[in-house]
Peer 1: 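Below you will find the structure I want to go over with you.
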Amino acid sequence: MRAHTQAGELMRAAQQQRRCAFATDQSTYAAMTRRTAAGEYVSPYQGLYANRTHWQTLTECERSAYMVRALHCKKPHWVFTGYSALDVQGITHSRSSHDGAVWIADHQRNAHKHNSPRTPLRRIHLPSDVGTRIIDGIPVTAGAVTVAVSIAHLPFMHALPLVDDALRKGATVEQLEECCRQLRVLTPALRTLLHCGNPKSESGGESIARAAIRLLGFAEPQLQVEFPNLRNSGHVIRVDMLWRLPDGRMIVLEFDGVQKYLDPTMTKHRDVRILVQTQGERDESILRSGVTTIVHCFYEDVVNLRVFDRLLRNAGVPWVGVPNELQGELRMALQA
C-alpha cells in the first residue's frame with residue numbers, strides 16, 4: 001500500500017513538472033507496472049509512466065516534451081536532437097513530425113546499429129564537435145543541426161515548415177545546406193527543399209501548402225502581398241499567396257486554419273457568422289483590387305494532394321512540372 005501511495009505522489013509531482021513519472025525504487029516500479037497493467041497508467045517509453053486520462057489530453061508534441069524532460073532527469077548526459085529537440089527549441093513543425101521515439105545525438109560511427117524497432121530510441125550519429133545548447137535545462141543540438149537531422153527524416157511537405165522557421169529565426173539557406181553536407185544527409189531532394197524555404201511564410205500550415213504546391217509541380221507564388229483595403233482607407237490586406245499571370249490575371253490562395261473560426265484568441269469571441277461576413281467583405285475588397293480568383297483551402301484540402309491539385313488546376317495556377325528529384329516523393333505521397 002505504501003508503494004502504491006508513493007507511486008501516486010510521484011505521478012502527481014511529474015504532472016506538475018510537465019513530464020513523465022519514473023520509479024525511484026523497486027517497490028514503486030512494481031506499483032507503477034501494476035497500475036499500467038490495470039489501465040490506469042500508460043508507459044510510452046521503458047521506465048516512463050503517465051496517467052492515462054491526462055496523457056490522452058496531450059498532443060503529440062506535448063507527449064514528446066514530457067518524455068524528454070523525464071529522460072533528462074534519468075540521463076542528464078544525453079543530448080537530444082531531431083524530433084525530440086524541436087519542441088524544446090520552439091521550432092515550428094507539424095504534429096506528424098513526432099513518431100513516438102526519442103532522438104539523441106551519439107558520436108559513435110556505428111550508433112545506428114544500437115537502434116532497435118523494439119525500443120523507441122533513435123541514436124543519431126553526429127560529429128563530436130556539433131554545437132550543443134542548454135534550453136530550459138535540457139541539452140539539445142544547435143538549431144541548424146536539429147533542423148538538418150529532422151528534415152533528413154521527414155517527408156517534403158512536413159519538412160518545409162522547419163526550414164521556413166529556421167530562416168525566420170535568422171539562419172540562411174547556405175548555412176543549412178552546409179550543415180546538411182557536414183552531417184552527410186544532403187541529397188538533391190533536400191537541396192531543393194532548402195531552396196524552397198521562405199521566411200515570409202507565416203505559419204506551419206502555409207509552409208505545408210507551399211510544399212504541396214512545389215511537390216505537385218505548380219509555379220511558386222509570391223507571399224504576403226499587400227492590397228489596399230477599400231473598406232478601410234489607410235489599411236492594407238495581406239494575402240497568403242499570389243500568382244501574377246502573363247495575361248494579367250491574378251490568383252490568390254488563402255490558407256484558412258480551423259482556429260480562425262474556433263479559437264477565441266483569434267476570433268476575439270466574435271460570432272462565426274460575423275467572421276464569415278468579414279471574410280466575404282475582405283474577399284470583395286481583394287477582387288475589386290484586380291484579383292481574378294480567390295482560392296480558400298484548409299489543412300485537410302492541402303494534405304489530400306489529389307484534392308489540392310484539382311483546386312489549383314481549376315483556379316488556373318500555372319503548372320511548371322515536378323522536379324526530377326521530387327518525383328519519387330510525389331509518388332509516395334499520393335500512395336499514402
Side-chain angles (χ1 to χ4, degrees), residues 18 59-62 64-65 68-69 72 79-99 103-105 124 126-127 129-183 185-187 189-214 220-226 238-241 255 257 259 263 265-266 299 302:
R18 296 180 299 122
T59 66
E60 290 89 342
C61 299
E62 290 169 331
S64 174
V68 166
R69 294 188 192 104
H72 173 62
V79 176
F80 297 92
T81 189
Y83 303 173
S84 295
L86 295 175
D87 293 295
V88 177
Q89 293 173 284
I91 298 172
T92 298
H93 60 285
S94 65
R95 289 176 296 177
S96 61
S97 300
H98 293 290
D99 59 357
W103 294 57
I104 63 170
I124 306 299
L126 295 176
D129 59 350
V130 70
T132 303
R133 303 285 184 273
I134 304 296
I135 300 179
D136 293 334
I138 307 293
V140 294
T141 50
V145 176
T146 298
V147 169
V149 170
S150 300
I151 63 177
H153 294 85
L154 280 173
F156 188 86
M157 284 176 58
H158 295 290
L160 190 57
L162 280 68
V163 176
D164 286 345
D165 191 53
L167 298 179
R168 281 195 299 271
K169 289 182 168 72
T172 66
V173 171
E174 291 72 25
Q175 288 171 341
L176 293 173
E177 192 169 325
E178 179 58 28
C179 188
C180 289
R181 185 178 291 107
Q182 290 177 350
L183 299 182
V185 297
L186 188 62
T187 62
L190 210 55
R191 184 179 288 109
T192 296
L193 168 73
L194 294 175
H195 286 270
C196 283
N198 194 320
K200 290 184 179 180
S201 198
E202 291 190 337
S203 71
E206 289 180 28
S207 297
I208 291 174
R210 284 181 34 251
I213 289 166
R214 192 74 184 97
E220 292 188 21
Q222 294 177 263
L223 305 185
Q224 308 304 327
V225 179
E226 295 184 348
R238 281 194 304 164
V239 299
D240 295 335
M241 304 179 206
F255 180 86
Q259 294 91 335
D263 188 342
T265 62
M266 297 186 72
Y299 177 82
V302 172

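All of these numbers come straight from a predicted model, not from anything done at the bench.
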Peer 1: Quick check: do R191 and C180 have side-chain heavy atoms less than 4.5 Å from each other?
Peer 2: no

Peer 1: If you measure from CD1 on I208 to CD1 on I213, what distance do you get to the nearest 0.5 Å?
Peer 2: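 Going from CD1 on I208 over to CD1 on I213, the span is 12.0 Å.
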
Peer 1: Could you state the interatomic distance from CG (L186) to CD (E178), rounded to the nearest 0.5 Å?
Peer 2: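 Output value for this atom pair is 9.0 Å.
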
Peer 1: Can you tell me how far OG of S201 sits from CZ of F255, rounded to the nearest 0.5 angstrom?
Peer 2: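 Reported to 0.5 Å precision, the distance equals 10.0 Å.
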
Peer 1: Looking only at heavy atoms, what is the nearest atom pair of V185 and A152, with distance?
Peer 2: CB-CB, 3.8 Å

Peer 1: May I have the step-by-step check of side chain to side chain contact (heavy atoms under 4.5 Å, CB included) for V225 and R238, ending in yes or no?
Peer 2: CA-CA 5 Å; V225 179; R238 281 194 304 164; over 6 Å; no

Peer 1: Does CZ belonging to R18 count more than 12 external heavy atoms closer than 6.0 Å?
Peer 2: no

Peer 1: With a 4.5 Å cut-off on side-chain heavy atoms, are L176 and L167 touching?
Peer 2: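 Yes, their side chains come closer than 4.5 Å.
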
Peer 1: Counting only heavy atoms not in K200 (residues, nucleotides, ligands), do more than 12 fall under 6.0 Å from its NZ?
Peer 2: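 No, not enclosed.
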
Peer 1: Under 4.5 Å between any side-chain heavy atoms of V88 and F80, yes or no?
Peer 2: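 V88 vs F80: side chains apart.
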
Peer 1: Would you check if T141 and R133 make a side-chain contact, meaning some heavy-atom pair closer than 4.5 Å?
Peer 2: no

Peer 1: Determine the minimum heavy-atom distance between G170 and Q175, stating which atoms define it.
Peer 2: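 Between these two residues, the closest heavy atoms are O-OE1, 4.2 Å.
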
Peer 1: Would you compute the distance between atom CG of L183 and atom CD1 of I124 and round it to the nearest 0.5 angstrom?
Peer 2: 10.5 Å

Peer 1: Work out which heavy atom in T146 is nearest to a heavy atom in G82; give both atom names and the distance.
Peer 2: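 Here T146 and G82 meet closest at CG2-O, 3.6 Å.
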
Peer 1: Rounded to the nearest 0.5 Å, what's the gap from CE on M157 to OG on S207? Could you check?
Peer 2: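 Between atom CE of M157 and atom OG of S207 there are 11.0 Å.
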
Peer 1: Where is the tightest heavy-atom contact between G197 and D164, given as atom of each residue plus distance?
Peer 2: CA-OD1, 3.3 Å

Peer 1: Is there side-chain contact between V79 and V130, with heavy atoms separated by less than 4.5 Å?
Peer 2: no

Peer 1: Any side-chain heavy atom of D87 sitting closer than 4.5 Å to one from H98?
Peer 2: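 D87 vs H98: side chains touch.
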
Peer 1: When rounded to the nearest 0.5 angstrom, what is the spacing between SG in C61 and CG in L86?
Peer 2: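 If we round to the nearest 0.5 Å, C61:SG and L86:CG are 8.0 Å apart.
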
Peer 1: Closest approach of V302 and A209, non-hydrogen atoms and distance?
Peer 2: CG1-CA, 3.6 Å

Peer 1: Indicate yes or no: at least one non-hydrogen side-chain atom of Y83 is less than 4.5 angstrom from one of H93.
Peer 2: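 No, side chains not in contact.
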
Peer 1: Taking the basic N atoms (NZ, or NE/NH1/NH2) and the acidic carboxylate oxygens, is any pair closer than 4.0 Å for E206 and R210?
Peer 2: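 Judged by the 4.0 Å cut-off on N to carboxylate O distance, E206 and R210 do not form a salt bridge.
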
Peer 1: Taking the side chain as every heavy atom from C-beta outward, state whether I104 and S84 have any pair of such atoms under 4.5 Å apart.
Peer 2: no

Peer 1: If you look at every heavy atom in E220 and C196, which pair is closest and at what distance?
Peer 2: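 Looking at all heavy atoms of both residues, the shortest contact is OE2-SG, 4.1 Å.
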
